[in-house]
Amino acid sequence: MKIVVLDGFTANPGDMSWKELEALGELTVYDRTKAEETVARAAEAEIVLTNKVIISREVISQLPRLKYIGVLATGYNVVDIKAAHERGIVVTNVPAYSTESVAQMVFAHLLTVTNRTEHYAQENRNDRWTKNPDFCYWDFPHHELAGKTFGIVGLGNIGMRVATIANAFGMKVKAQTSKSADTLPAFIQKVTMEELLSTSDVLSLHCPLTDGTRHLINRETLRQMKPTAILINTGRGPLVDDHAIADALAEGRLAAFCADVLTEEPPKADNPLLKQPNAYMTPHIAWASIEARERLIEVATNNVRSFLNGQPQNMV
């Protein structure tokens, strides 16, 4: 069985092992694959694994031997699922592997804004504290999280974990969710989107990207938010309108924007968010802790093993 990994570098840049997957067939791992290289590299493969390389209907039509597509991620929008199913090709993903990692990043971003540890660490490297006339100094007002309102859009695995952590900080947790209110923990208050926008001191996005949620945060919804609010997006880049966010920051209508994802990745140099001092960006790494990537490769390998044993799991 010939197995091809089209873009293995982000999941495993060399600090993990593919040996368990290699034991399942003749394995070829490419660090990266350009769109025009996809068909040639996957031509003889019965099993293809991809993270961000697009497996379109056109690609599928040129791969007659293909029987299985494994997505090295939770989201599977890179695969034309309908075209795959028409061919009887099994498609799997890796659900919930990065829940703890992404939830941790949410609060890393939030604490960056509220406590400015990076700023003070750099100031002290520049000898500011050693030359300070007082025993302490601060450049920004500090606020406690306890008692503030933490709003969440979407209570899937990650959203629920974020809610639990926010509650542990002593925050009031409100959520916009399709879940019934009587199924939620007592510390989560289900509210309308309008109330969530108007009352949240922190708003964190954890909903899937659909036609209905694209640009969920836009010029109109930003006007409904507190100018002191902190907006966090570790979900999908297009959940927000980049230009609307940049304008709101520049005009003082939003206190801070924290994001691990952008509409276009990598972003163009002229993306307006990159120049905003109150925009805090990380390069789509919330999922990429060592522990999360170990789980990712382990589950992806088990998915292939289950398929070969005639009992596919995590199918989409």
Side-chain angles (χ1 to χ4, degrees), residues 74-75 93-115 117 141-210 212-218 220-236 239-240 254-261 280 282 286-287 289 291-292 295 299 314:
T74 301
N93 71 338
V94 184
Y97 73 94
S98 63
T99 298
E100 296 295 338
S101 185
V102 175
Q104 180 175 312
M105 182 63 83
V106 169
F107 289 90
H109 271 292
L110 179 54
L111 294 171
T112 293
V113 175
T114 59
N115 292 71
T117 51
H142 293 177
H143 296 283
E144 294 180 346
L145 295 179
K148 301 295 190 299
T149 296
F150 195 107
I152 301 174
V153 181
L155 284 177
N157 291 318
I158 296 173
M160 190 64 75
R161 185 66 180 125
V162 167
T164 302
I165 297 171
N167 180 60
F169 270 106
M171 304 184 79
K172 302 171 187 175
V173 182
K174 295 182 179 182
Q176 203 282 322
T177 175
S178 60
K179 289 183 169 67
S180 174
D182 59 10
T183 67
L184 300 178
F187 65 84
I188 301 178
Q189 180 185 359
K190 180 176 178 175
V191 297
T192 64
M193 189 64 186
E194 291 73 19
E195 181 176 344
L196 196 71
L197 290 167
S198 64
T199 62
S200 292
D201 298 298
V202 181
L203 182 61
S204 193
L205 307 180
H206 299 286
C207 53
L209 177 64
T210 66
T213 60
R214 185 177 296 275
H215 286 189
L216 177 69
I217 303 301
N218 52 50
E220 181 180 347
T221 50
L222 282 165
R223 282 192 285 269
Q224 300 175 54
M225 296 178 65
K226 296 180 179 182
T228 55
I230 299 168
L231 176 63
I232 304 174
N233 185 16
T234 56
R236 293 290 183 265
L239 292 174
V240 308
L254 183 67
F257 176 59
C258 305
D260 186 59
V261 289
Y280 300 84
T282 46
W287 66 279
S289 68
E291 293 82 0
R295 283 191 293 272
V299 173
N314 295 320

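Excluded from the calculations below are hydrogen atoms, water molecules and symmetry mates; all remaining heavy atoms, backbone and side chain alike, are included.
Note that CG of Leu222 is 6.5 Å distant from CE of Met225, once rounded to the nearest 0.5 Å. The CD1 atom of Ile158 sits 13.0 Å away from atom CH2 of Trp287, with the distance rounded to the nearest 0.5 Å. We find the CG-CE distance between Leu155 and Met160 to be 4.5 Å, quoted to the nearest 0.5 Å. Atom CG of Asn157 sits about 4.5 Å away from atom OG1 of Thr99, to the nearest 0.5 Å. Between the CG atom of Leu205 and the OG1 atom of Thr234 there is a distance of 8.0 Å, given to the nearest 0.5 Å. We find the NZ-CG distance between Lys148 and Leu110 to be 10.5 Å, quoted to the nearest 0.5 Å.
Counting heavy atoms from C-beta outward, Val153 and Leu239 have side chains that stay 4.5 Å or more apart. Between Met171 and Leu145 the shortest side-chain heavy-atom distance falls below 4.5 Å. Using a 4.5 Å heavy-atom cutoff, the side chains of Val261 and Asn233 are in contact.
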So Phe169 and Phe150, ring-ring contact (aromatic ring centres under 6.0 Å, His included) or not? Walk me through it.
-> CA-CA 10 Å; Phe169 270 106; Phe150 195 107; 9.1 Å; no
Could you go through the side chain to side chain contact (heavy atoms under 4.5 Å, CB included) check for Tyr280 and Thr112 one step at a time?
-> CA-CA 8 Å; Tyr280 300 84; Thr112 293; 3.8 Å; yes
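Taking every heavy atom of both residues into account, Ala286 and Asp260 meet most closely at N-OD2, 2.9 Å. Taking all atoms of both residues into account, the shortest heavy-atom contact from Thr74 to Pro95 is OG1-CA, 3.9 Å. When every heavy atom of Val162 is checked against every heavy atom of Phe107, the shortest pair comes out as O-CZ, 3.6 Å. Across every non-hydrogen atom of Val173 and Asn167, the tightest pair is CG2-N, 3.9 Å. Taking each heavy atom of Ser204 and Val106 in turn, the nearest pair found is OG-CG1, 3.8 Å. Taking all atoms of both residues into account, the shortest heavy-atom contact from Ile152 to Gly159 is CD1-O, 3.6 Å.
Not one N or O on the side chain of Thr114 forms a donor-acceptor pair closer than 3.5 Å with the backbone of His143. Counting only distance, with no hydrogens or angles, the side chain of Asn115 and the backbone of Thr117 share no donor-acceptor pair below 3.5 Å. Without hydrogens or angle criteria, Ser289 side chain to Ala292 main chain gives a donor-acceptor distance under 3.5 Å. At least one donor-acceptor pair closer than 3.5 Å links the side chain of Asp201 to the backbone N or O of Thr149.
More than 12 heavy atoms of other shown residues, nucleotides or ligands fall within 6.0 angstrom of atom CD in Gln224.
Arg295 pairs by the salt bridge (Lys or Arg N to Asp or Glu O under 4.0 Å) definition with nothing, not counting sequence neighbours.
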For a quick test of your reading: what N or O donor-acceptor pairs under 3.5 Å do the side chains of residues 185-200 make, sequence neighbours left out?
residue : atom : partner : partner atom : Å
Lys190  : NZ   : Thr177  : O            : 3.2
Lys190  : NZ   : Lys179  : O            : 2.8
Thr192  : OG1  : Glu195  : N            : 3.1
Glu195  : OE2  : Lys174  : NZ           : 3.3
Ser198  : OG   : Glu194  : O            : 3.2
Ser198  : OG   : Glu195  : O            : 3.2
Thr199  : OG1  : Lys174  : NZ           : 3.3
Thr199  : OG1  : Glu195  : O            : 2.7
Ser200  : OG   : Leu196  : O            : 2.7

